[in-house]
Amino acid sequence: MFYWVMKRIFLGPVLRTLFRPWVKGLDNLPADGPAIIASNHLSFSDSIFMPLMVPRPVIFLAKSEYFTGTGLKGRLTALFFRLTNQLPMDRSGGAASAASLDAGMDVLTHGGLLGIYPEGTRSPDGRLYRGKVGVARLALQARVPVIPVAMIGTDKVQPIGKRLPSIRRIGMIFGAPLDFSRYHEMADDRLIQRSVTDEIMYELMRLSGQEYVDEYAAVVKLRLAGKGPAPAAVSGESQPGEGPAGEGQPDVVQPGEGQSGGSQRDEGPAGDSQSGESAPDDGDTDAGSSRRA
């Protein structure tokens, strides 16, 4: 109830008026039934704007720190996330992260839309980083399609570290559903999970126009903070499906197999937009970060 009231009556109309979000490909979302929405992650506000434009409720797994804050601000934040029915995502790996994935599976089992950020954290510099395989694990085990969505311009509205957003137009592109039914009988194969994840990241790269970096964003953040390992001697930049630079063999099935063409990144002039109502990192153990807004 709180979610519906905020989206339809209070928060939604204000955000639409101020930020004038443009949307492409909204008809790629299923009208009913379970599906995963996999998005690039540029800003905290991604979790606000994208669900705003989706007619159906979107349930995101939010990082567990949002539910355990102290002080007045921490308690209010936790209250907001609980009232909007968001689910805590433990990103420490192992059994804790597996339990969080089970919560996401429950959403899909009951026919809902599950939002997830395969990168696992916000991009530190606007580039697209290597995805974590949790999104593939969920898609294969639940046997549901994955709808890629590229958020455009939200990093300019609310960069990392900025509390108050700037007023400017943002956009989003929903790509065609990705069907991985050919892999359903191999859902527990880690090579298949990596292949599926890289195919999703390739599509996000294509839709968003972002430069792709074959490294986990969380590792880059640690390095920028002076806590992480130095970059490998071989360049870490490549396109999903090509493998790290200097390696002769790709580690994934060729991206785009069986997919239809999609939109290129566009600033979304008013005439092209469509209206609608609208969560460390060993990498391959977590689903990535996600939230519901």
Side-chain angles (χ1 to χ4, degrees), residues 35-44 46-47 50-51 58-63 87 89-91 93 97-98 100-101 103-105 107-108 113-124 126-142 144-151 154-155 172-180 183 187 190-208 210-221 236 238-241 251-253 255-256 259 279-292:
I36 293 173
I37 298 179
S39 175
N40 60 335
H41 199 14
L42 297 172
S43 169
F44 175 85
D46 295 331
S47 302
M50 189 263 281
V58 182
I59 298 175
F60 275 90
L61 296 173
K63 63 181 182 180
L87 304 174
M89 173 66 199
D90 190 312
R91 303 183 297 171
S97 294
S100 298
L101 287 179
M105 181 65 73
V107 172
L108 297 170
L113 286 180
L114 180 69
I116 193 166
Y117 299 114
E119 292 170 277
T121 186
R122 287 170 289 179
S123 171
R127 297 185 294 177
L128 184 70
Y129 285 84
R130 194 174 198 232
K132 298 184 178 184
V133 300
V135 61
R137 190 178 305 144
L138 283 169
L140 295 175
Q141 291 178 352
V144 299
V146 177
I147 293 88
V149 57
M151 301 300 297
T154 52
D155 53 333
M172 61 205 77
I173 303 171
F174 291 85
L178 302 178
D179 177 14
F180 298 110
Y183 297 135
R190 290 181 63 80
L191 292 178
I192 294 297
Q193 292 172 3
R194 171 45 55 193
S195 176
V196 168
T197 302
D198 284 352
E199 189 169 333
I200 294 169
M201 301 312 293
Y202 180 89
E203 190 66 9
L204 289 176
M205 179 187 69
R206 190 182 67 82
L207 292 171
S208 69
Q210 290 171 276
E211 176 186 352
Y212 179 78
V213 182
D214 194 24
E215 188 174 14
Y216 293 113
V219 174
V220 174
K221 285 185 173 182
S238 64
Q239 296 196 355
D251 62 349
V252 299
V253 176
Q259 301 171 21
D281 285 298
D282 57 359
D284 288 352
T285 59
D286 299 338
S289 170
S290 34
R291 307 180 190 89
R292 168 178 178 175

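For Val144, the side-chain contact (heavy atoms from CB on, under 4.5 Å) partners are Pro34, Ile36, Leu108, Ala142, not counting sequence neighbours.
Between Ile200 and Phe180, the closest side-chain pair of non-hydrogen atoms falls below 4.5 Å. Looking at Arg137 and Arg190, their side chains come closer than 4.5 Å, going by heavy atoms from C-beta outward. By the 4.5 Å heavy-atom criterion applied to side chains, Pro148 and Leu207 are counted as neighbours. Between Glu199 and Val146, the closest side-chain pair of non-hydrogen atoms is not below 4.5 Å. Side-chain contact check for Tyr212 versus Arg206: every heavy-atom pair is 4.5 Å or farther apart. Between Asp179 and Pro145 the shortest side-chain heavy-atom distance does not fall below 4.5 Å.
Scanning all heavy atoms of the two residues, the minimum distance from Leu140 to Ala187 falls at CB-CB, 3.6 Å. Between Gly131 and Arg194, the shortest heavy-atom distance links the atoms O-NH2, 2.8 Å. Taking every heavy atom of both residues into account, Arg122 and Ala217 meet most closely at O-CB, 4.4 Å. Closest of all the heavy-atom pairs between Tyr117 and Ser39 is CD2-O, 3.5 Å. Shown here for Glu119 and Tyr129, the closest heavy-atom pair between the two residues is OE2-N, 2.8 Å. Contact detail for Gln210 and Met205: the closest heavy-atom pair is O-CG, 3.3 Å.
Here the CD1 atom belonging to Ile116 is positioned 13.0 Å from the CD1 atom belonging to Ile59, to the nearest 0.5 angstrom. Note that CD of Glu203 and CG of Leu178 are 5.5 Å apart. Values are rounded to the nearest 0.5 Å.
Of the possible polar contacts, none joining the Ser195 side chain to the Leu191 backbone as a donor-acceptor pair under 3.5 Å is found.
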Item to complete: Report the C-alpha separation of Thr121 and His41 in whole Å, then their side-chain angles, then the decisive distance to 0.1 Å, and conclude whether the side chain to side chain contact (heavy atoms under 4.5 Å, CB included) test is met.
Response: CA-CA 7 Å; Thr121 186; His41 199 14; 5.7 Å; no
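For the side chain to side chain contact (heavy atoms under 4.5 Å, CB included) with Asn40, the qualifying choice from Met151, Met201, Met172 is Met151, the only one to do so.
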